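Report on the structure given below.
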Amino acid sequence: MLIKKQSNTFAGNYFWNIMFAVVKIAGQQFKVQKDQEIFVHQLAGNVGDKVEFAEVLLTDNDGKVTVGTDVKSVIKAEILSHVQGDKVIAFKMKRRKGFRKKVGHRTHFTKIRINEIA
């Protein structure tokens, strides 16, 4: 007797009956679920503002997968905070020339909570 193992891929998530969507936010794709908190690149808006993302690429509702132009969903979220990421240091040096340059930057992020996948 063979037992087929369930995989944790997009098509295999029907096993857990969790609704999720793949949405494009600020040029990046995120797999989101209801009440999930994620960090995205900085969005315009104040803390507490409600935002909507209409560019939904895929939805899965209890095993019913919708992909591409058939998706008519909208993701509703709330801005929780604006934060900065860890400092990234770039150090440039040319040997035997005395040239040294140290530059750092911190990327700005926005923390959002997914309220609804409609």
Side-chain angles (χ1 to χ4, degrees):
M1 182 168 103
L2 293 173
I3 298 173
K4 189 171 182 180
K5 182 179 176 185
Q6 293 290 335
S7 64
N8 191 11
T9 61
F10 286 138
N13 267 346
Y14 66 88
F15 183 76
W16 291 279
N17 293 331
I18 298 173
M19 181 174 183
F20 72 89
V22 176
V23 62
K24 194 170 188 181
I25 303 172
Q28 292 184 322
Q29 295 179 14
F30 294 93
K31 178 183 172 188
V32 297
Q33 298 172 356
K34 188 176 184 305
D35 296 327
Q36 181 182 9
E37 295 180 357
I38 59 173
F39 290 96
V40 298
H41 284 294
Q42 188 171 22
L43 300 175
N46 296 323
V47 175
D49 287 352
K50 308 290 185 194
V51 291
E52 292 186 358
F53 305 106
E55 197 167 355
V56 180
L57 307 174
L58 177 141
T59 58
D60 182 357
N61 190 3
D62 293 333
K64 183 180 178 212
V65 179
T66 309
V67 182
T69 57
D70 297 336
V71 178
K72 303 294 185 215
S73 297
V74 174
I75 307 297
K76 296 181 181 180
E78 176 184 0
I79 296 178
L80 299 178
S81 64
H82 295 288
V83 295
Q84 288 184 331
D86 295 334
K87 182 173 271 196
V88 177
I89 305 228
F91 182 73
K92 299 178 182 180
M93 181 179 116
K94 294 189 180 180
R95 62 183 187 162
R96 298 189 303 268
K97 305 297 181 197
F99 173 79
R100 293 175 178 214
K101 186 175 186 180
K102 183 177 178 181
V103 179
H105 78 280
R106 295 179 70 181
T107 306
H108 298 276
F109 292 107
T110 300
K111 185 176 184 180
I112 61 173
R113 179 188 300 118
I114 306 301
N115 292 334
E116 184 181 353
I117 300 175

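Note that the structure is a prediction, hence the values are computed from the model and not measured. Throughout, residue positions are numbered sequentially from 1 according to the sequence presented.
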Within one Ile-Leu-Val-Met-Phe-Trp-Tyr cluster: Ile79 and Phe39, side-chain cutoff 4.5 Å:
no

Distance (rounded to the nearest 0.5 Å) between Leu43 CG and Ile25 CD1
7.5 Å

Nearest non-hydrogen partners of Thr59 and Ala21, listed with the distance
CG2-CB, 4.0 Å

Within-4.5 Å side-chain heavy-atom neighbours: Ile112 and Ile38:
yes

Backbone N or O of Asp86 within a donor-acceptor pair of the Arg106 side chain at under 3.5 Å?
no

How many angstroms lie between NZ in Lys87 and NE2 in His105, if you round to the nearest 0.5 Å?
10.5 Å

ILVMFWY network linking Val74 to Leu58, side-chain heavy atoms under 4.5 angstrom:
no

Using every non-hydrogen atom in the two residues, find where Ser81 and Val47 come nearest and quote the distance to one decimal.
CA-CG2, 4.0 Å

Does Gly45 offer a backbone N or O that forms a donor-acceptor pair with the side chain of His82 under 3.5 Å?
yes

Considering residues at least two apart in sequence or located in another chain, which fulfil the salt bridge (Lys or Arg N to Asp or Glu O under 4.0 Å) criterion with Lys101?
none

Rounded distance [0.5 Å steps], CZ in Arg95 versus CE in Met93
9.0 Å

Between Met19 and Phe53, is there a shared hydrophobic cluster once you connect ILVMFWY residues whose side-chain heavy atoms come closer than 4.5 Å?
yes

Would you indicate whether Asp35, at its atom CG, is surrounded by more than 12 heavy atoms from other residues, nucleotides or ligands within a distance under 6.0 Å?
yes

Distance, nearest 0.5 Å, that separates CD of Glu78 from NZ of Lys50
3.5 Å

Applying salt bridge (Lys or Arg N to Asp or Glu O under 4.0 Å), can you list everything that pairs with Glu116, at least two apart in sequence or on another chain?
none

Starting at CD of Glu52, measure out to NZ of Lys76 and round the result to the nearest 0.5 Å.
5.0 Å

Which heavy atom in Glu55 sits nearest to a heavy atom in Val23, and how many Å separate them?
O-CG2, 3.5 Å

Can you hop from Leu80 to Val83 via hydrophobic side chains spaced under 4.5 Å?
no

If you define the side chain from C-beta out and look only at heavy atoms, does anything of Gln33 sit under 4.5 Å from Ile114?
no

Kindly indicate, with the supporting measurements, whether the criterion side-chain contact (heavy atoms from CB on, under 4.5 Å) is fulfilled by Leu57 and Val71.
CA-CA 7 Å; Leu57 307 174; Val71 178; over 6 Å; no

Phe109 ring center near His41 ring center (under 6.0 Å):
yes

